[in-house]
Amino acid sequence: MIPTSFDYVRAKSLKDALKAMGKSTKVIAGGHSLLPLLRFRLAQPETLVDIGQLRELKGIKRAGGGVKIGAATTYRELLESTELKALYPLIGEVTEHIGDLQVRNAGTIGGGLAHADPAADMPPVMLVLDATFVLQSKGGKRSVAARKFFKGPFTTAMKPTELLTEIQLPAPAKGAGTGGAGGAYASFEQAASGYALVGAAALITVAKGMITRADLAFTGLADTPFLAPAAAKLVGTQGQAELIAEVAAASVAGVEANDDIHASAAYRTHLGMVAARRALAQALSRAG
Amino acid sequence: MATLFGSGIKRREDPRLITGRATYTDDVKLPGLLHAAVLRSTYAHAKLGKVDVTKAKKAPGVVAVFTGADVKDKLNTVPCAWNVPNCDLKVPPHPLLAIDRVRYVGDGVALVVAESRAAARDALDLIDVDYDALDVVVDPEKATQQGAPELHPEVPGNVAFTWKVAGGDAAKAFAEAPVTVEQRIVQNRLLPTAMEPRAACASYNPGTGQLTLWITSQNPHIHRFLLSVMTKLPEHRIRVIAPEVGGGFGSKIPGYADEALVSFASMQLGRPVKWTEDRSENYKATIHGRDHVEYVAMCGTKDGQITGLRTKVYAGLGGYASTAAPGIPTILHGLMYSGPYTIPNIEGTIYGVYTTTTPVDAYRGAGRPEATFLLERMIDLYARKIGMDPVDVRRKNLIPKDKFPYTVATGITYDSGNYQGALDKALQMFDYKKFRAEQAKARKAGRYLGVGVTTYCEICGLGPSQVAGAVGFGGGLYDSAIVRVYPTGVVRAYIGGKPHGQGEETTFAQIVADEFGIPVENVEVVAGDTEATPQGWGTYGSRTTAVCGSAVKVAAQRVKDKAKKIAAHLLEASEADLEWQDGKFAVKGSPDKGKTFGELALMANVAWNLPPGVEPGLEATAFFDPSNFVYPFGTHICTVDVDPETGEVKILRYIAVDDCGPQINPMIVDGQVHGGVIQGLGEALQEMVVYDEDGQLLTGTMMDYAVPKASQMPKVETAHTVTPSPVNPLGVKGVGETGTIASVPTLVNAVCDALAPLGVSHIDKPLTPARVWAAIQQARAGGGGGGGAK
């Protein structure tokens, strides 16, 4: 398990990092996604740019009504953040699913998102929260909505010279987490890797007993995480159990599900339906 | 002085292991060390054309590259050492590096030796190999069918052997029985996954003609012998050292090509050469376990008397016959078909089959888990068919405790047992009746609870040697110890076994310290160096405590006998008048006048005043060859809650009652049971090797092969009964494999019991949620089980 040889650049500043990036570079922070690729020689970069030490890419700051999360913020830091706990409890809930203690100590949110594993736990949460990702290169900065970021397995809207630097979350719906809005994540783990066979994230807001917003997103089910439009059918209803079951079934219908040694397409689709139903019901009960 | 035998003192091995102070083979660093890497076939089956190493040889840091053509005339092939008789065994040559054909993904094609590990690895990518793909077959049953691709020209139909076991008259029993149940069972192929992968470091001294090989080994003396065969170097010029060994589970018994190749490279180059597997190499190049396709039938009366068992088994061997492979599905499997029961009529046919896959050999339990699984699975199917409680069926068929030694229909004789005692104890801990009531209530509420109860016995403590010879085992099955007492009264025991996680450095010290009445800290156990230890046959088959531990006991007794002679001389008394009390020999009636073990150790070693005819020194060697195998037994119970919507299995309770005779260290016994049960639950729930139709290993990393994690596993409740064995002086039986043997059917039977109301009768393990869900769908559609569901 020895990678091909490569040059190693430990960036001292973001500017430094962006300068070093090119067509055959790879960026490393926690390394949990990249190192296996290097060791299997699936990735053979000429240069590895280490951004793990960059303070400017770390930390969670309030901005407007929402927050900005530095891309090199570790999962552990997400779990320890009181802001996130108060504003987006769903992030903490899903972070608990990611790897184990050691992985969460070193792995970063930006690294995981940029890696775009189609079975990762965090992407569907970014989809339902309607996050925005800030991408920077030597030439400048642009923003891409999470909902337009994931293009396929391990494929994103990023260019090779771009670096994911920040995750921006819009202001949560009123009373998030405690009433008015609720989020939930339901998943089934692949026993070996711990990645999701299927996972579903749901976010629901309620006003005067009626659902005013319902977002549902999947991971693991298809070749990329995706938002299920069927959830919109819940808006304007009280979210009765039968209705939730219907929406859950509709949201997986027609999806070209992954089929591998761990789960057939039929089983994945079925689990997707179950996960969606459970996540929606729990999100609703939390919103209520 | 309180006896140490039976005391759960802490393992002395642990401080160095948990603080990173242990020395493994990969930690060995020698001046001038070179590093090796093996180019492995990416094809499961192919004609091997030109292997072009020109570019690799010129790569920076590369010292040498060897191919099959370079070594075939200088080295012998990899031997198979368990040549089971009367089964027409065919063992085709297994070259150290492929010559004209590759037979599995991972088969060695070339060896690169370089100044660094990275340089050796880089050079592998520079070797050009011409493969001409041949048809592939990974399933042992399909490999015997007409039209299947053949691996070896000398093995038509890929059948390496056809072995039969028969006792009683099975044909008559099945013809006359009112009830018969049949089931096809797949014993999933497994990866042993020792925490430390294989490694070898060879240092040949051209000046002395001596080869030293550090190797991660369960049996250094066997490896010395096999290495001598492969390298053609005489045995006395080879020293094998197995330093710390990070687990084996059977995978470090066999002789492999790689260890011989690094030895050869060191002999050729005159420099030390080291090779260490990485994990994905380990999964391809180190033996796998299990891999049976079985057709099983059981017959009996309507009131639960089992009258017959019949099997037809296709046992996958992989591309070549590994060291002990032929003995695993035959001697260690077929002979155990009676289990703990009085089944009068047994007939089994076992085909050993070559397939284009990694070789299969001993994996924790080796043959016995497969036997126990098929037996216990069939009993539950039989009980269901006759509408009888499965526990009652078992109880009715257990060998009564007053019938030992008991000879079963397969011809082997069990040493001792009280199977009802263990069953009673387990049922008491569990409250079986209460659970059945809860289960009935839960079913009405739409919850699916289930219970599995396994009564088992197994053959272990592998010995005696005479039997080893009779069944074609290419070695002895005695074991050995030297107990050496130093002038200051401290002791070292040099043993033939090689503990690698079983804790014998602690338990054997307890045996010696008890014998001499000295603190356990004054005894050290030395293992793993063929230069220091007497000929032994290794640690596997739960044999080390029963066989090697007995050698320790006998050697210690010999030392004590000599000490007594010296004591009598010094006390001017006759030996007959002496008694051993409170750690000293004293004249009966005057206990205050005596000689302690320490005093006698000094007097023996300085030899100032020894009795006439007594030699100086205080040490003894013992070679212990048991009169029979030992047969531990017990009852395991598991309860589960199955979610019919998702197929997820939640274990509610797991109870293990095991009888391994008297326990030297109960904490270590419990540790062995815990580890064994968890490893078995891995097999039952989630571990499975998958090859695709091209023979590519799809479960080639730990991201896809699901070794159990602590968070996925239940608490294991242990208890014991104690039935001594008459075949060794300690009365002990083995306990290293019981957990893996008993837990697999216990879990599977519990799940099948839970799903009985849905019409599920059998699911092939591992019972992943996907398979359980598929079985439920199939049963609902009128199927009856989820045999080969994905």
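Below, chain A is the first sequence line, B the second, and so on; all start at residue 1.
At distances below 3.5 Å, at least one donor-acceptor pair connects side-chain atoms of Y267(A) with backbone N or O atoms of T646(B). No side-chain donor-acceptor contact under 3.5 Å links H262(A) to the backbone of A770(B).
In summary, D125(B) and R41(A) engage in a salt bridge, as defined by a charged side-chain N under 4.0 Å from a carboxylate O.
Residues of residues 95-108 of chain A lying under 4.5 angstrom from chain B, judged on non-hydrogen atoms, do not exist. Residue-level contacts of residues 276-285 of chain A with chain B, in order of numbering, are R277(A), R278(A); threshold 4.5 Å between heavy atoms.
Annotation: maximal heavy-atom pairing with chain A below 4.5 Å, among Q686(B), E277(B), M703(B), M688(B), occurs at M703(B). Contact count against chain A (heavy-atom pairs under 4.5 Å) is highest for K709(B) among M702(B), E281(B), R279(B), K709(B).
Shown here for M1(A) and S280(B), the closest heavy-atom pair between the two residues is SD-OG, 3.3 Å.
Heavy-atom distances place no part of E687(B) under 4.5 Å from chain A, backbone and side chain included. Both the backbone and the side chain of P769(B) come within contact range of chain A, each with at least one heavy atom under 4.5 Å from a heavy atom of that chain. Heavy-atom distances place the side chain of Q712(B), and not its backbone, under 4.5 Å from chain A. Contacts of V690(B) with chain A are made by side-chain atoms alone, with heavy-atom separations under 4.5 Å and no backbone atom involved.
The distance from the OH atom of Y705(B) to the OG atom of S193(A) is 15.5 Å, given to the nearest 0.5 Å. Note that CG of L271(A) and CD of E648(B) are 7.5 Å apart. Values are rounded to the nearest 0.5 Å. Taken to the nearest 0.5 Å, the CD atom of Q777(B) stands 9.5 Å off from the OG atom of S264(A). Interatomic distance, L698(B) CG to D260(A) CG, rounded to the nearest 0.5 Å: 9.5 Å. Note that the CG atom of D278(B) and the CD1 atom of I2(A) stand 7.5 Å from one another [nearest 0.5 Å].
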Practice item. May I have the step-by-step check of side-chain contact (heavy atoms from CB on, under 4.5 Å) for T701(B) and F40(A), ending in yes or no? Key: CA-CA 10 Å; T701(B) 78; F40(A) 281 115; 3.2 Å; yes
Exercise for review: May I have the step-by-step check of side-chain contact (heavy atoms from CB on, under 4.5 Å) for Q190(A) and D704(B), ending in yes or no?
Suggested key: CA-CA 8 Å; Q190(A) 196 256 77; D704(B) 288 304; 3.9 Å; yes
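Within a 6.0 Å sphere centred on CD of E80(A), heavy atoms belonging to other residues, nucleotides or ligands number more than 12.
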